[in-house]
Amino acid sequence: MKVSPLEYEVEFFKEKGFTRLRGSICQEHYWTLNPELREPQDVPCVDYWFDKIPSSGPLTVSEARRKFIDFFVRRGHAEVPPRPVVARWREDLYLTIASIVVFQPHVTSGLVPPPANPLVISQPSIRLEDIDNVGLTLGRHLTIFEMAAHHAFNYENTYVYWKDETVRYAFEFFTKELGIPGDLIVFKESWWEGGGNAGPSFEVAVGGLELATLVFMMYKTVNGSYERIPMLIVDTGYGVERMAWFTQKTPTAFHAIYGDLVERARDIVGMERPGEELLLAARRAAGKLDPDSPESVKAYFERVAREVGEDLEKVRRALTAEARLYSVLDHTKALAFMLADGIVPSNSGEGYLARLVARRALRQLRLLGSSAGLKELVAMQIDLWGRDFPQLRENAAYVLEAVELEEARFREALERGRRLLERELSRARSIGLEELVKYYDSYGVPPELVAEVAKGAVVEVPHNFYSIVAARHRSPRSLGKGEAGIEERIRSWASQFPPTRKLYYEDPYLRSFSARLLGVMDNLVVLDSTAFYPTGGGQVSDVGVLRIGGKEHRVKGAFLVGDVVVHELEEKPVGGGEVHGEIDWERRYKIMRHHTATHALLGAARRVLGAHVWQAGAEKTEEKGRLDITHHKPLSREEVRKIEELVNSVINQRRKVSARLMEKGEAEAKYGFSLYQGGVPMSKVIRVVEIDGWDVEACGGTHVSNTGEIGGFRIVNVERIQDGVVRLEYVAGTRVSDVARAAEERLEEIGEMLGASRGQEAERLKSLLASFEELKAVADQYRKSWAEGVKRELRSAEKVGGVRLVVTESPEQSRERVQEALKEITDEEPEALVAVIMRGREAAALEVAAGRAAAELNVGELVRRAAHALGGRGGGSRSYGSARLPAAVGIEEVRRALLEALR
RNA sequence: GGGCCGGUAGCUCAGCCUGGAAGAGCGCUCGGUUUGCACCCGAGAGGUCCCGGGUUCAAAUCCCGGCCGGUCCA
C-alpha cells in the first residue's frame with residue numbers, strides 16, 4: 001500500500017524540530033533531531049553501538065518493567081495484570097504473542113469495553129517462528145519476552161489520545177526515565193499489519209537497537225485493500241528485555257536478562273567461558289547479522305575473527321556454542337511459563353509447541369556435548385522468575401514432572417531411532433537426504449544425531465533442512481469451519497426472527513410452556529419462547545412434544561441459529577397461534593444431573609491432579625457424561641477412586657449451584673481464565689455457572705440447583721484417547737443404579753453359563769479351566785495316536801517312485817492342527833508323502849506334505865495336477881501343497897489321482 | 001486436524017516388496033561344563049503374526065475398513 005507521508009506528520013516532531021530523512025542503505029524514512037545520524041539506527045543497517053550511549057543506570061528486567069508501568073500509571077493509565085502465555089480466550093491462537101492479543105478480538109472489535117482506558121500492561125509473550133535464530137543474534141530473537149505496552153482505545157464518541165501523545169510519551173520515557181539523549185532517538189516510519197488489522201507505525205531505535213514499536217491501528221484488511229475501522233487503537237510494544245540490555249550494556253541480552261544464571265548454566269553444561277573481547281566484537285557485528293542468510297552468517301564470523309585476530313574456525317565454534325547455551329536458557333524459561341500456565345506436552349495442539357521447545361532445548365544440550373538434564377535448568381528459571389510470576393511457583397511440582405517426562409520420552413525416541421539407523425547401516429547403505437528427512441519426520445531423530453551415528457556414511461545436512469521437512473507438510477487448506485454444518489437456507493430463514501426467549505434459563509426445571517408460533521419451514525419451527533434446550537456446549541438437545549393447531553407433534557431436537565432456537569419436528573405442522581410445549585422431563589433431568597456432575601468432576605480432577613487439568617472436550621447425554629481432560633500420564637486406579645470419592649462428597653455437601661449473567665471482563669477478573677473450559681463465548685455478557693466454593697465455568701447448559709440433586713456419581717470408564725488427553729466416562733443419579741444392575745446382570749449371566757451359584761463364579765471358573773486343560777491334554781493324546789496310525793500305515797505302504805503314499809481323512813477341521821501333525825509325521829518319516837482330506841459342507845480341503853527323501857518331488861505341482869483331475873484347484877511349494885476338492889471326493893479317488901500325477 | 005512410520009515369542013526385532021509348513025538374538029526352564037561376576041556347550045518351553053472383512057486352492061505377506069502406538073507439522 002502506498003502510505004501517505006501525512007500519516008507520519010506529528011505535531012510533536014514540528015514542535016521539537018525533528019527532521020525527516022531517508023537512509024542511504026536502508027532507504028527508509030525516519031525522524032530525528034540529529035541530521036548527523038545517516039541511517040534509521042536499526043538492524044540491519046547499522047552496527048550495535050548502544051553501549052556508547054549513556055543511560056540513567058543499569059536496570060534488570062524486573063526494574064525496567066516497573067519503571068515503565070509506573071511512568072504510565074503516573075500519566076493516567078491503569079495497570080492491567082498480565083494474562084497467561086496460553087491464549088485460552090482465543091480460538092485462533094495457541095500462545096499470547098503480543099500485548100494486544102489480550103484485547104482481541106472482543107475489545108478491538110468494539111464488542112466489549114477495555115478493562116481500563118488508557119491502560120498499561122507488561123505481557124509475557126511467546127513467539128516460536130524465530131526459534132531457530134535464538135542465540136546467534138545475541139538476544140535480538142527470543143522465544144519468550146515481555147512486551148510492555150500502553151494502549152488507548154478511541155471510539156467515535158470517546159477520544160483518549162492518538163499519535164501525537166503516543167510519540168511524546170515514548171520520547172519522554174526514553175529521555176527522562178532511561179536517560180537517553182534525545183538526539184540519538186530515531187523514529188522510523190513503518191507499516192504494521194496483523195490479525196486482519198493494519199496501520200502506520202513508528203519503530204523507535206537507539207544505537208542499532210529497536211526499543212519500541214508504536215502502532216496506530218486504523219484499518220482492517222479486506223481482500224488486500226484497507227478499510228477504515230470506527231475505532232482508533234494505540235498499540236505499542238516496548239521490549240522490556242531490550243531496555244535491560246540497553247541499560248546494562250552487557251555483551252548479550254541474555255546476560256542482561258538472566259544475570260548470573262548464564263554462568264551457572266555454563267557450569268552445568270561444562271562450557272569454557274569465552275573472552276570478553278570476542279563477545280564484544282560479536283555484539284558490534286550482530287547488528288548487521290541476518291541469521292536466515294548463510295552468506296550473512298559467514299560474513300559475521302569472518303568479521304569477528306578479523307577483529308579479535310583469531311582463527312575463523314575457532315571463532316565460529318565458540319560463538320555457535322554460545323548461541324546454544326543462550327537458546328537453552330531462553331527455551332527453559334519459555335517452557336517453565338508454558339507448563340505453569342497449564343500446557344500438557346503432547347503431539348498436537350499447544351501441547352506440541354511445548355514439546356517442540358523442550359526437544360529443541362535438549363538437542364542444543366546434546367550438541368554442546370552435555371548430558372545435563374532440563375529439569376535443573378527449569379527449576380532455576382522458576383526460582384528466578386517466580387517472584388514476579390507466582391504461577392511458576394504454584395505449579396512447580398507439575399512443571400518439573402512434565403519436564404522430566406518429556407526428557408524421558410525424547411531419550412526413548414532417540415534410542416528407537418538409533419536402533420533403526422544402526423540396522424539400516426549394517427545393510428551397508430549410505431544415508432542420503434531422503435533418509436535424513438525420514439529419520440526426523442517419522443522418528444524424531446534430528447539430522448545431526450543421524451550424522452553422528454552414521455559417521456562418514458552420511459551426506460551433508462543442508463542448511464535449509466527444516467524447510468525441506470516443512471515443505472512435505474504443506475497441506476491443502478482446510479475448509480472454513482462454518483457453524484456446525486447448518487444449511488445456509490435454514491440459517492438465513494431462522495435469522496429473520498427475533499431472539500427466542502430462553503425459558504430453560506429462567507427456570508431449568510420448567511417442563512411445559514405456552515408460546516407463540518413465529519415461523520414454520522418444512523418440519524422446522526421457531527417460537528417466541530421455549531423450554532427446549534438446543535444442542536450446544538456439549539449438552540444434547542431436549543426432545544418432547546409441541547401442540548400446534550390442536551395436533552401434537554414430536555420434537556426430535558432443537559438447535560441454535562444465532563440467538564434463535566429452531567425446533568425440529570417429525571413432520572410439518574399446520575395452523576398456528578398459541579402453541580403448547582412439553583419437554584421429555586425424565587430425559588432432561590438425567591442430562592442436567594450429568595451436566596452438573598461434569599462441573600463437579602472437573603473441580604475434583606483439578607484438585608486431585610493439578611491446575612494443568614483443562615477440559616479438552618465434553619458430552620452430556622441421558623445415558624452418561626463424558627469429560628476429556630488434559631493430563632500428562634494415565635490416571636492410576638488410586639487417582640480415579642479419589643476423584644470419584646471427591647465428587648460424591650461434593651454431592652453430600654449439598655453445595656448450591658447458581659447461574660448468572662456477568663460482564664465478561666468482570667467475570668475474568670473475578671474467576672480467571674479457568675472459566676473458559678469449553679471455549680470462549682463471543683459476547684459481552686457471559687453466563688457463569690458456579691458450584692459454590694468448588695467450580696466456576698462459563699457455561700450455557702442447564703443445571704440442577706444443588707449438588708445434592710446429582711444424587712450419586714460413578715466413573716465407569718477411563719482411557720487415554722490421545723497423547724496428553726484422558727477421557728472419563730461416568731453416570732449420575734438413577735443411572736448409577738442402572739449401571740450397577742447391568743453389571744450384576746452380566747455377572748448373573750456368566751454365573752448361569754458357568755452353572756455356578758451366586759458368589760461361586762470364580763471357584764467354578766477355576767475348576768472349569770482345570771478340566772479344560774485336562775481335555776486339551778486328552779485331545780493331544782488323540783492327535784498323537786492319529787499321527788501314530790498314519791505313521792504305521794506309512795511303514796506298511798508300498799513304495800512308489802521313491803515315496804510311500806498314504807491318503808487319509810482328518811477328524812479335525814483345523815488346517816493349522818493338520819499342518820502341525822503333518823510336520824511331525826514327515827520329519828520322522830523321510831520317505832512319506834501324506835495327503836489328508838478335511839471334509840467341509842461345501843468342499844473338501846486337501847493338505848499334502850512330503851518328507852526329506854521326497855525332495856526331488858514337486859509337491860505343489862503334483863497337487864495342482866491331481867486337484868485339476870479331480871475337478872478342484874490347488875498348488876503349493878516343493879514340499880507342501882493344498883487344494884480344494886469337491887465335497888464328496890473319496891479317499892481312493894484322491895489316491896488314484898495322486899498316483900497318476902506321480903508318474 | 002493432517003502427513004509419515006510402526007504393531008510378529010517376556011524384550012529387541014527379521015520375514016512382508018516377489019503369497020506356499022512362523023524365525024533370530026537376548027531373557028526363561030532343564031542338563032552338562034565352570035566355580036571370578038554379560039562364560040561356554042546341549043536340550044526345551046514360550047505365538048490370537050493388533051482386530052474385522054475381502055481376494056486366493058493357500059494370507060504374517062496382497063486389498064479395504066477399524067483400533068492402538070510413535071513422529072513431524074498446522
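Here the structure is a predicted model, which means the values were calculated and not measured. Note that these values count all heavy atoms, side chains included, but never hydrogens, waters or copies made by symmetry. Numbers restart at 1 for each chain; the letters A, B, ... are given by sequence-line order, proteins then strands.
Among the nucleotides B:U71, B:A74, B:G69, the one closest to any side-chain atom of A:R359 is B:U71. For A:R873, taking side-chain heavy atoms from C-beta onward, the closest of the listed nucleotides B:A22, B:U12, B:C57 is B:C57. Side chain of A:A413, nearest nucleotide from B:C57, B:U71, B:A21: B:U71. Closest contact between the side chain of A:R409 and the listed nucleotides B:U71, B:A58, B:G1 involves B:U71. In this structure, the nucleotide among B:A21, B:C57, B:G70 sitting nearest to the side chain of A:S877 is B:A21. In this structure, the nucleotide among B:G20, B:G70, B:A21 sitting nearest to the side chain of A:S882 is B:G20. Looking at the side chain of A:Y94, the nearest of the listed nucleotides B:A58, B:U71, B:A74 is B:A74. The A:R884 side chain lies nearest to B:C57 when the options are B:C57, B:G1, B:U12. Closest to the A:N347 side chain, of the nucleotides B:A58, B:A21, B:U71, is B:U71.
Only the C1' atoms considered, B:C49 is 10 Å distant from B:A9, to the nearest whole Å. B:C4 sits 45 Å from B:C40 when the P atoms are compared, rounded to a whole Å. Using C1' as the reference atom, B:C11 and B:G19 are 29 Å apart when rounded to the nearest Å. Comparing B:G69 with B:C26, their P atoms sit 32 Å apart, to the nearest whole Å. Taking the C1' atom of each, B:U56 and B:C13 are spaced 30 Å apart, rounded to whole Å. The gap from the C1' atom of B:C28 to that of B:U12 amounts to 16 Å, rounded to the nearest Å. Taking atom C1' on both B:C68 and B:A21, the two are 31 Å apart, rounded to the nearest angstrom. Taking the P atoms as reference points, B:U71 lies 41 Å from B:A58, given to the whole Å.
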Trace of the salt bridge (charged side-chain N to carboxylate O under 4.0 Å, His left out) decision for A:K438 with A:E424: CA-CA 12 Å; A:K438 182 181 80 185; A:E424 183 143 353; 3.5 Å; yes
Take A:E729 and A:R626 through the salt bridge (charged side-chain N to carboxylate O under 4.0 Å, His left out) test and state the conclusion after the steps. CA-CA 5 Å; A:E729 292 183 308; A:R626 198 183 76 195; 5.2 Å; no
So A:E820 and A:R783, salt bridge (charged side-chain N to carboxylate O under 4.0 Å, His left out) or not? Walk me through it. CA-CA 10 Å; A:E820 237 166 73; A:R783 266 182 216 119; over 6 Å; no
Evaluation steps, salt bridge (charged side-chain N to carboxylate O under 4.0 Å, His left out), between A:D330 and A:R360: CA-CA 11 Å; A:D330 170 271; A:R360 187 166 192 280; over 6 Å; no
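Between the CD atom of A:E816 and the P atom of B:A22 there is a distance of 7 Å, rounded to whole Å. As rounded to whole Å, 6 Å separates atom P of B:G23 from atom NZ of A:K823. The CD-P distance, from A:Q722 to B:G1, rounds to 7 Å in whole Å. Distance A:Y440 OH to B:C5 P: 17 Å, rounded to the nearest Å. Atom-to-atom, CD of A:E847 to P of B:G20 comes out at 15 Å; the value is rounded to the nearest Å. Going from atom CD of A:E719 over to atom P of B:C67 covers 11 Å, rounded to whole Å. Between the OH atom of A:Y466 and the P atom of B:A74 there is a distance of 13 Å, rounded to whole Å. If you measure from atom CG of A:L420 to atom C1' of B:U12, you get 11 Å, rounded to the nearest angstrom.
Nucleic acid contact class of A:G349 (heavy atoms, under 4.0 Å, all strands): base. At the heavy-atom level, A:A850 lies under 4.0 Å from base atoms of the strands shown. Looking at heavy-atom distances under 4.0 Å, A:A867 makes no contact with the nucleic acid at all. Backbone-only contact: A:G444 has heavy atoms under 4.0 Å from sugar-phosphate atoms and none from a base. Within the 4.0 angstrom heavy-atom criterion, base atoms lie near A:L822. A:G876 comes within contact range of at least one nucleobase, with a heavy-atom separation under 4.0 Å.
Within the 4.0 Å cut-off from OP1 or OP2 of B:C57, not a single side-chain nitrogen or oxygen of A:R864 is found. Between B:A58 and A:Q819, no contact under 4.0 Å exists linking OP1 or OP2 to a side-chain N or O. Between B:U12 and A:R423, no contact under 4.0 Å exists linking OP1 or OP2 to a side-chain N or O.
Between A:E829 and the options A:R804, A:R795, A:K791, A:R852, a side-chain hydrogen bond (donor to acceptor under 3.5 Å, both in side chains) holds for only A:R795.
The neighbour count for A:Y466 OH, taken as heavy atoms of other residues, nucleotides or ligands under 6.0 Å away, is above 12.
Where A:Y443 and A:S879 each meet RNA chain B at their nearest nucleotide, the meeting point lying more 5' is that of A:Y443. With the nearest nucleotide of RNA chain B identified for both A:I721 and A:G881, A:G881 has the one nearer the 5' end.
The main-chain N or O of A:R864 is never found under 3.5 Å from a side-chain atom of A:H868 such that the two would form a donor-acceptor pair. A donor-acceptor contact shorter than 3.5 Å links the side chain of A:Q677 to the backbone of A:Q615. A donor-acceptor contact shorter than 3.5 Å links the side chain of A:S327 to the backbone of A:A323.
Interface remark: the A:D723 side chain does not form any donor-acceptor pair with the B:G70 base, using a distance-only criterion of under 3.5 Å. No donor-acceptor contact under 3.5 Å links the side chain of A:S442 to the base of B:G70.
In a base pair of the Watson-Crick type (N1 to N3 plus N6-O4 or O6-N4) or a G-U wobble (N1-O2 and O6-N3), with each distance short of 3.5 Å, B:C49 is matched with no nucleotide. Pairing for B:U29 goes to B:A43, judged as Watson-Crick or G-U wobble with the two contacts each under 3.5 Å. Nucleotide B:G23: paired with B:C13 (Watson-Crick or G-U wobble, both distances less than 3.5 Å). Under the Watson-Crick or G-U wobble criterion, with both distances below 3.5 Å, B:G1 is paired with B:C73.
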